[in-house]
Amino acid sequence: MTRMLSDTAHRQPADAAGVLLVNPHMSGPRGTRMPLSLLHLGAVLEGRRPWRILDGNVGPIVDAALATLAARPHALVGVTVMPGPQVAPAIEISAAIRAAHPTIPIAWGGYFPTLYTDSAINAPYVDYIVRGQGEATLLELLERLPDAGAPSTLDSARDSSAIHDIAGLTWKRDGRAVHNPGRSIINPDTLPALPYERLDDVRGYLRPSFMGKRTAVHQAALGCRFKCEFCGVVSMWNGNTRLDAPTRLEATLGKLRDRWGADGVQFYDHNFFDREEISVPILEVLGRAAMPWWCYARADTLARFSAGTWELLRKSRLRMAYIGAETSSDEVLNHMRKGSKVNHTLEVAARCRENGIIPEFSFVLGGPEDPEGEIEKTLSFIRKLKQLHPTCEIVLYFYSPTPQVDRAALRREPAATHLPVLKTYGPSGPALPTTPEEWTDPSWVNWVCHLDAPWLTPRIRQRVKDFARVLACRFPTVQDYRTPAWGKTLLQSLARWRYATETYANPIELRIGQRLLRPRDPKSESL
């Protein structure tokens, strides 16, 4: 399979049925970024089958999808789905395709169907779930579909013997889900380069940001070897990580810069800095690329970097690192299985300030054990971080339980099927939704997106919301390149007394100011 994935020189069959790859709507025009997950699938399809990406973040796609499927034979429709607001658009386009073209199989992939497989497959318009990394599973499924036959109301295939051993696949037989064993992760270096040129408008995806006028996105590492209890990456990758070779990264960045004018890059890696000795060659590549960049990072990893590596970070033009600080308590960090300490966060704040790097610290608030007590401690800790590094960024989330694989069972039986499991949402429920439609309920969207939690009281929610508003006005984000300087100064002046006296409640003047000026919110708009 590795050789097949890396070999793109073969000839495409003249009569090969096409594959339609769909990215349902999830963000507004300012937040639109390249659909990297679908580009990875397109890369392995290139030269084998006709394929096309339809991106709902660029514009309406239902009519375009139906027209594309009517114009020529298609073997499969693949839909990528994230938990939260992307589920409803995924339902809409999948249901429309099923109604118009009932014999074309529809496969869902991505984080939502990987984490919540049973509910995702429990829909009449979903025939297959591709769990985890999808390139090899997709190719194998396409090979088997002619023998499997068209789907029906209760069955993914007329002949299930054709698909019963495809690793990483979930399907239906007699209306019941069948989960094939998982698939090993493929090293990115064995995969073909992304075919950016196949996108309708590459430059349209290079959006302005605080780093430059044309910010590209890239993923140079898959997975994460750490096992934080609240993290969906752990559930999807089971503690595995695979990195791009520096030469591959250098070729990719050079192509984005020289061909399409990219002048900054946002790395979507789950954990950009795995270990210091591996990070150094990558930092040297980034220094030669001469593009400001943003990435995810761990506080404990950065805190252990030598002075020489910090100098490389500075010279490589790292502008910002998104760091999961999570809490102000070592006890809570241990409970989360985070693997880092509070002192690592403080150390990194100081080191980043010395080297002209802005840390973007995220916190997970309101765990069910003692939500109010932990929140108050964390708000005080955030003020301490602001004293250490006044321009550090703060992003606040509420705790959201995430399905987890039984890692002991995975070690005992690595070849067996091990799906992420979450029996109830929090210590006393509620039970998780059983269909994609149930996941579109506004409460579940807010919970899974870390915007709320069922055990939080209205007072706690409002306390965090008011603190976040005062903090954002008192310390305007460097990511806001739209609001004029006078507007930021006005909000700072209005918030100064509130922050100084810790008077956060009912900041009506700040609500009015934000409503009029509409400053950028990194939490909802990212870069």
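Since this is a predicted model, take the numbers as computed values, not measurements.
- Ring centroid separation for the pair Phe210 and Trp294 does not come in under the 6.0 Å cut-off.
- When ring centroids are compared, Phe475 and Tyr499 come within the 6.0 Å threshold.
- Between the side chains of Arg33 and Asn57, no donor-acceptor pair is found at a separation under 3.5 Å.
- In plain terms, the two heavy atoms of Thr301 and Asp274 that are nearest each other are CG2-O, 4.3 Å.
- Side-chain atoms of Gln404 and Leu422, non-hydrogen and from C-beta on, never get closer than 4.5 Å to each other.
- Across all non-hydrogen atoms, the minimal contact from Ile282 to Pro246 is CG1-CG, 4.4 Å.
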### Message
salt bridge (Lys or Arg N to Asp or Glu O under 4.0 Å) for Glu354 and Arg314? Distances and angles first, verdict last.
### Response
CA-CA 10 Å; Glu354 292 169 4; Arg314 185 185 64 79; over 6 Å; no
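- Remark: the Thr327 side chain and the Ser329 side chain contain no N/O donor-acceptor pair separated by less than 3.5 Å.
- In this structure, Tyr399 OH and Trp455 CH2 are separated by 6.5 Å, a value rounded to the nearest 0.5 Å.
- For the atom pair Asp189 CG and Leu243 CG, the distance stands at 9.0 Å (nearest 0.5 Å).
- A donor-acceptor pair shorter than 3.5 Å cannot be found between the side chains of Ser443 and Asn446.
- His344 places a side-chain N or O within 3.5 Å of a backbone atom of Lys341 that can act as its donor or acceptor partner.
- Side chain to side chain, Ser400 and Tyr425 meet the donor-acceptor criterion of an N or O pair below 3.5 Å.
- Within the 3.5 Å criterion, the main-chain N or O of Pro24 finds a donor-acceptor partner in the side chain of Gln86.
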### Message
Let's go through Ile61 and Val22 carefully: what are the C-alpha distance in whole Å and the side-chain angles of both, what is the deciding distance for side-chain contact (heavy atoms from CB on, under 4.5 Å) to 0.1 Å, and is it a yes or a no?
### Response
CA-CA 9 Å; Ile61 57 173; Val22 178; 3.7 Å; yes
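- A donor-acceptor pair under 3.5 Å is formed between the side chain of Glu438 and the backbone N or O of Thr434.
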#### Entry: Evaluation steps, salt bridge (Lys or Arg N to Asp or Glu O under 4.0 Å), between Arg461 and Asp452
CA-CA 7 Å; Arg461 285 194 295 268; Asp452 198 356; 3.4 Å; yes
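- Side-chain atoms of Lys386 come within 3.5 Å of backbone N or O of Cys392 as a donor-acceptor pair.
- Between Leu54 and Leu21 the shortest side-chain heavy-atom distance does not fall below 4.5 Å.
- No donor-acceptor pair under 3.5 Å is formed between the side chain of Ser316 and the backbone N or O of Leu286.
- Taken from CZ in Phe361 to OH in Tyr322, the straight-line distance is 12.0 Å, to the nearest 0.5 Å.
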### Query
How far apart are the C-alpha atoms of Asp480 and Thr483, what are their side-chain angles, what is the distance that settles it, and do they pass the side chain to side chain donor-acceptor pair (under 3.5 Å) test?
CA-CA 6 Å; Asp480 185 2; Thr483 305; 2.6 Å; yes
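- Looking at Tyr397, its side chain never comes within 3.5 Å of a backbone N or O of Ser362 through a donor-acceptor pair.
- Under the 4.5 Å side-chain criterion, counting only non-hydrogen atoms from C-beta, Ile460 is not in contact with Leu365.
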### Query
Stepwise, does the side chain to side chain donor-acceptor pair (under 3.5 Å) test hold for Glu393 with Thr477?
CA-CA 7 Å; Glu393 307 260 316; Thr477 171; 2.6 Å; yes
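- Using modelled atom types and a 3.5 Å distance limit, the side chains of Ser94 and Trp108 yield a donor-acceptor pair.
- In terms of heavy-atom proximity, Pro436 sits nearest to Ser119 at CD-O, 2.9 Å.
- Here the straight-line distance linking atom NE2 of His335 with atom CD of Glu326 works out to 13.5 Å at 0.5 Å rounding.
- Judged by a 6.0 Å distance limit and a 45° cone about the ring axis, Arg383 is not positioned over the six-membered ring of Phe467.
- Other residues, nucleotides and ligands place more than 12 heavy atoms under 6.0 Å from the CZ atom of Arg288.
- Counting heavy atoms from C-beta outward, Trp444 and Pro430 have side chains that approach closer than 4.5 Å.
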### Candidate pair Leu302 and Arg351, rule side-chain contact (heavy atoms from CB on, under 4.5 Å), full reasoning
CA-CA 9 Å; Leu302 290 177; Arg351 298 291 291 276; over 6 Å; no
#### Entry: side-chain contact (heavy atoms from CB on, under 4.5 Å) assessment of Thr241 paired with Leu222
CA-CA 5 Å; Thr241 187; Leu222 299 172; 6.0 Å; no
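- Going from atom CD of Glu284 over to atom CD of Glu250 covers 10.0 Å, rounded to the nearest 0.5 Å.
- The structure places CG of Leu491 at 10.0 Å from CD of Glu509, a figure rounded to the nearest 0.5 Å.
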### Task
Please test Lys465 against Leu396 for side-chain contact (heavy atoms from CB on, under 4.5 Å), starting from the C-alpha separation and ending with a verdict.
CA-CA 9 Å; Lys465 188 175 181 179; Leu396 303 178; over 6 Å; no
### Task
Could you go through the salt bridge (Lys or Arg N to Asp or Glu O under 4.0 Å) check for Glu197 and Lys255 one step at a time?
CA-CA 11 Å; Glu197 60 279 357; Lys255 185 176 182 180; 3.4 Å; yes
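- In plain terms, the two heavy atoms of Gly366 and Ile375 that are nearest each other are N-CG1, 3.7 Å.
- The two residues Val348 and Ala303 make their nearest non-hydrogen contact at CG2-N, 3.7 Å.
- Between the side chain of Asn355 and the backbone N or O of Ile357 there is no donor-acceptor pair closer than 3.5 Å.
- Every ring pair (Phe, Tyr, Trp, His ring centres under 6.0 Å) that Phe112 has, sequence neighbours left out, goes to Tyr116, Trp439.
- With 3.5 Å as the limit, one finds no donor-acceptor pair spanning the side chains of Asn343 and Glu347.
- Contact annotation: the side chain of Tyr205 approaches that of Thr32 to within less than 4.5 Å [non-hydrogen atoms, C-beta and beyond].
- When atom types are taken as modelled, the side chain of Arg520 and the backbone of Arg482 share no donor-acceptor pair closer than 3.5 angstrom.
- Using bins of under 30°, 30° to 60° and over 60° for the plane-to-plane angle, the ring pair Phe267/Phe272 lands in the tilted bin.
- Residues Pro519 and Lys488 fail the side-chain proximity criterion, which asks for heavy atoms closer than 4.5 Å.
- Within the 4.5 Å cutoff, side-chain heavy atoms of Leu249 are placed close to those of Leu253.
- Contact of the Cys295 side chain with the Phe273 side chain is registered, since non-hydrogen atoms from C-beta on lie closer than 4.5 Å.
- One N or O on the side chain of Arg298 and one on the backbone of Lys338 form a donor-acceptor pair closer than 3.5 Å.
- Between Asn23 and Leu38, the shortest heavy-atom contact is N-CD1, 3.5 Å.
- Side chain of Glu276 to backbone of Ser306: a donor-acceptor contact under 3.5 angstrom is found.
- Using the six-membered ring where Trp is involved, Trp260 and Tyr196 have ring planes that are perpendicular, over 60° apart on the 30 and 60° scheme.
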